[in-house]
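Here is the structure we will look at.
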Amino acid sequence: MKKLLLSLTIVGFGFWANSQVICAVTSPSSIAGNYNFTWADPAGGAWTTPDFLTPGTFVEDTLIMVNDGTPGTNATFGNLLAEEGCNPSPANAYAGKIAVLRRNTCEFGMKAYNAQQAGAVAVIIINRDNTVIAMGGGAMGGQVTIPVVMLNTLDGANLIAAMQNGPVVAFLGNKNGFYPNDFGMNNGEVTYSKLSAVNSVIAQNGTDYSFKVKGMVRNFGTNAQTNVVVNAKVTRNGATIYNQSSTPAALPIGDSLDFVLPDFAPTTYPAGRYKLTYTTTGTNTDDYPSDNSLSYEFYVSDSLLGYSKLDTLTFTPEAGNGSRPGGTTYTSYMQCINYKDANASRLMAEGIYFNFAVNASDSITLSGQEFTVSAYEWADVFTDLNDVAFSNANSFNSVFNNQLASNSYYYPNTTTTDTSVYAAFNTIFELEDNKRYLFCVSPSENKIFLGISNAYNYSANLNEYAEPINPINIVDAAVANPWGVVGFGSDTQPSIVVRAEANTVGINENATIEGAVYPNPTNGDVTLSINAEGKATISIVDLSGKTVSTSTINIVNDKAPIAMNNLESGIYLFNVTLANGQATQFKVVKK
């Protein structure tokens with residue numbers, strides 16, 4: 001079964017420069033498929049591992065657990081322990097196998113080198129969190145000559161559980177030219193929604209908000225393909241609202257096929273969960289179908305803006321990873337997202353949801369850690385990233401001179417390990433049409449990792465719209481230019497989501513009434529405090545736009561109890577309407 005670092009014959013295959021690098025289980029079928037991963041890339045200089053970007057560079061072999069005597073604490077899966085690999089193992093202990101071990105205390109390079117010395121042909125490192133991160137080689141990375149990849153905790157648990165029932169075989173590397181019939185799509189070569197969190201205030205119809213549906217299919221195999229079709233489907237809360245297919249076309253060996261479908265521009269944007277799915281088919285049965293379908297989710301609500309994948313329960317940004325600058329000479333850094341829209345004046349910015357992570361080996365105490373959230377008008381004049389007027393060196397000059405809001409968030413002195421938080425700005429401000437804004441987060445302790453999500457690759461969007469998405473600022477005496485327009489990469493989005501409400505300036509205040517709900521956040525029921533008496537109607541709406549309850553309450557002495565025990569954890573919008581027509585809204589967090 002083993003095919004180790006095979007050099008395939010690729011003469012005449014000019015397309016191979018666009019590599020198809022994967023980490024996939026090929027058997028058993030119960031857990032087969034692609035896995036989200038990072039790999040030790042020799043391009044950074046810290047590793048001498050094989051370069052997966054070279055076609056035909058891969059390992060396919062059986063997994064084996066590392067057993068070096070290090071504790072399996074915090075890594076128990078079923079009846080097996082994923083050990084650290086920090087100690088040498090006996091010679092040939094993992095001969096001809098892919099060694100599986102866990103991340104904990106010693107350097108990645110040390111783990112991989114120890115497994116290599118014991119005969120391993122590759123290494124899979126299971127992270128201690130449900131994320132994957134970039135791996136530094138450390139002191140020993142320069143002596144590691146076998147592939148090294150990282151999986152998250154959940155995927156690692158699935159692998160180890162399957163290993164208890166029999167052999168598990170994995171493919172790590174570049175599959176170009178490996179299968180006869182193999183055509184598919186790369187995540188960064190199809191367009192998605194411009195935002196993953198779309199505010200309904202600026203997306204009332206397809207004229208307000210639309211996006212391109214286009215991309216590329218590649219023939220990775222050694223056979224020509226016929227009648228290749230791409231279908232794009234968009235669903236909202238499970239119901240299909242867009243379904244378009246390309247014209248059947250031939251796809252020669254080593255070639256690619258561009259497809260362009262009608263824009264997604266519905267007549268209305270009801271709040272809810274939207275899912276865009278690309279699927280490609282052809283006459284031949286694909287030998288590797290895992291890349292025949294790509295999916296992307298975006299949410300329409302009345303209060304959120306962002307690019308990161310959102311948690312399906314709380315609708316806050318999901319952190320699939322954490323990043324900080326490399327090296328030791330930087331003194332601070334700041335992650336940002338850019339926002340610009342023709343209807344931005346309909347919104348008022350209130351604050352930022354963000355994530356962060358810490359490395360146990362850094363021994364950072366979270367209690368009292370300060371994070372700064374800030375918003376800036378990005379007033380430098382350029383049309384888009386294709387404008388000759390744009391450059392990293394001179395197109396961020398206006399940013400720090402145009403701060404609109406900021407605030408400090410201090411991590412609470414509690415035993416909580418929650419690293420997904422919300423920080424309100426010190427002032428709410430109105431946005432303006434067609435102006436760029438940067439919404440940013442910066443930790444005071446530069447060893448803290450700010451959350452990122454690599455669930456979505458916006459490379460095709462970046463090429464299509466040429467609008468900055470995720471700039472980063474790094475203060476480093478060794479670097480002349482502190483700004484980078486694509487942050488940690490177009491395939492990596494900061495876990496930043498802006499809370500933005502409808503702009504109410506100028507609205508008749510006689511129609512509104514002030515009040516409060518407490519406790520907020522809550523573990524149970526809450527109390528409405530409002531300057532009113534008598535009957536009122538209250539509807540409770542979740543962030544997907546679904547009304548979860550509607551009831552009549554009786555306000556006595558300016559107070560009324562509201563039951564929440566039957567609601568799941570999440571964020572809810574309370575719409576309260578009095579008998580005289582006055583109304584108010586509250587955001588309530590149910591723990």
Side-chain angles (χ1 to χ4, degrees), residues 1-8 16 18-29 31-44 46-66 82 85 94-103 108-109 111-127 131-135 137 141 144-160 162-163 167-179 182 184 186-187 220-221 287-291 321 454 491:
M1 189 70 181
K2 178 175 69 175
K3 304 175 185 67
L4 173 60
L5 304 180
L6 178 65
S7 296
L8 299 173
W16 294 108
N18 188 289
S19 300
Q20 181 75 339
V21 178
I22 62 170
C23 173
V25 171
T26 55
S27 69
S29 59
I31 60 168
N34 288 342
Y35 286 75
N36 187 32
F37 73 106
T38 56
W39 58 288
D41 185 354
W47 296 92
T48 53
T49 48
D51 187 358
F52 281 164
L53 296 182
T54 302
T57 301
F58 67 89
V59 171
E60 185 182 42
D61 221 312
T62 305
L63 306 187
I64 187 171
M65 297 297 304
V66 162
Y94 319 124
K97 302 291 178 63
I98 299 174
V100 178
L101 50 83
R102 72 183 178 96
R103 176 191 179 195
F108 298 120
K111 298 172 186 290
Y113 179 76
N114 286 338
Q116 173 182 290
Q117 293 301 97
V121 295
V123 172
I124 294 176
I125 298 176
I126 300 172
N127 200 8
T131 62
V132 290
I133 66 169
M135 295 179 289
V144 177
T145 59
I146 60 175
V148 182
V149 305
M150 173 181 281
L151 299 182
N152 65 43
T153 296
L154 181 59
D155 288 340
N158 290 335
L159 288 187
I160 294 173
M163 291 168 69
V168 175
V169 178
F171 181 108
L172 315 177
N174 193 316
K175 73 178 181 70
N176 275 335
F178 182 67
Y179 297 100
D182 182 14
N186 284 322
N187 194 22
F220 302 112
D287 297 323
Y288 189 84
S290 294
D291 54 5
N321 203 337
N454 43 23
D491 59 343

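Just so it is clear, the values below take in all heavy atoms, side chains as well, and ignore hydrogens, waters and symmetry mates.
Every residue was checked against the side chain to side chain donor-acceptor pair (under 3.5 Å) condition with Tyr35, not counting sequence neighbours, and none meets it. Annotation: ring-ring contact (aromatic ring centres under 6.0 Å, His included) contacts of Phe171 (sequence neighbours excluded): Phe58, Phe178. Considering only residues two or more places apart in sequence or on other chains, Asn187 meets the side chain to side chain donor-acceptor pair (under 3.5 Å) condition with Tyr192.
Between Lys175 atom NZ and Asp182 atom CG the span is 3.0 Å, to the nearest 0.5 Å. A distance of 9.5 Å separates CG in Asn127 from CG in Leu151, rounded to the nearest 0.5 Å. Summarising the geometry, atom CE belonging to Met150 is positioned 12.0 Å from atom SG belonging to Cys23; distances are rounded to the nearest 0.5 Å. Separating the OG1 atom in Thr26 from the CD1 atom in Ile31 is a distance of 9.5 Å, to the nearest 0.5 Å. Going from atom CD1 of Ile126 over to atom CZ of Arg103 covers 13.0 Å, rounded to the nearest 0.5 Å. Here the CG-OG1 distance, from Asn176 to Thr54, works out to 11.0 Å after rounding to the nearest 0.5 Å.
No side-chain donor-acceptor contact under 3.5 Å links Lys97 to the backbone of Met65. In this structure a side-chain-to-backbone donor-acceptor pair under 3.5 Å is missing from Thr57 to Pro50. Remark: the backbone N or O of Val144 is paired with a side-chain donor or acceptor of Thr48 at under 3.5 angstrom. Remark: the backbone N or O of Phe52 is paired with a side-chain donor or acceptor of Asn174 at under 3.5 angstrom. Trp47 places a side-chain N or O within donor-acceptor distance of the main-chain N or O of Met135, the cut-off being under 3.5 Å.
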Requested in this report: Check step by step if side chain to side chain contact (heavy atoms under 4.5 Å, CB included) holds for Val100 and Leu159.
Outcome: CA-CA 9 Å; Val100 178; Leu159 288 187; 5.6 Å; no
Query raised in the report: How far apart are the C-alpha atoms of Ile98 and Leu63, what are their side-chain angles, what is the distance that settles it, and do they pass the side chain to side chain contact (heavy atoms under 4.5 Å, CB included) test?
Result: CA-CA 5 Å; Ile98 299 174; Leu63 306 187; 3.7 Å; yes
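Across all their heavy atoms, Val66 and Gly85 have their closest contact at CG1-CA, 3.9 Å. Contact between Ile125 and Lys111 at its shortest, heavy atoms only, is CD1-CD, 4.3 Å. Taking every heavy atom of both residues into account, Pro147 and Val59 meet most closely at CG-CG2, 3.7 Å. Ala112 and Val123 get closest at one heavy-atom pair: CA-CG2, 4.1 Å. In terms of heavy atoms, Ala122 sits closest to Leu172 at CB-CD1, 3.8 Å. Scanning both residues, Pro28 and Pro167, for their nearest heavy atoms gives CD-O, 3.8 Å.
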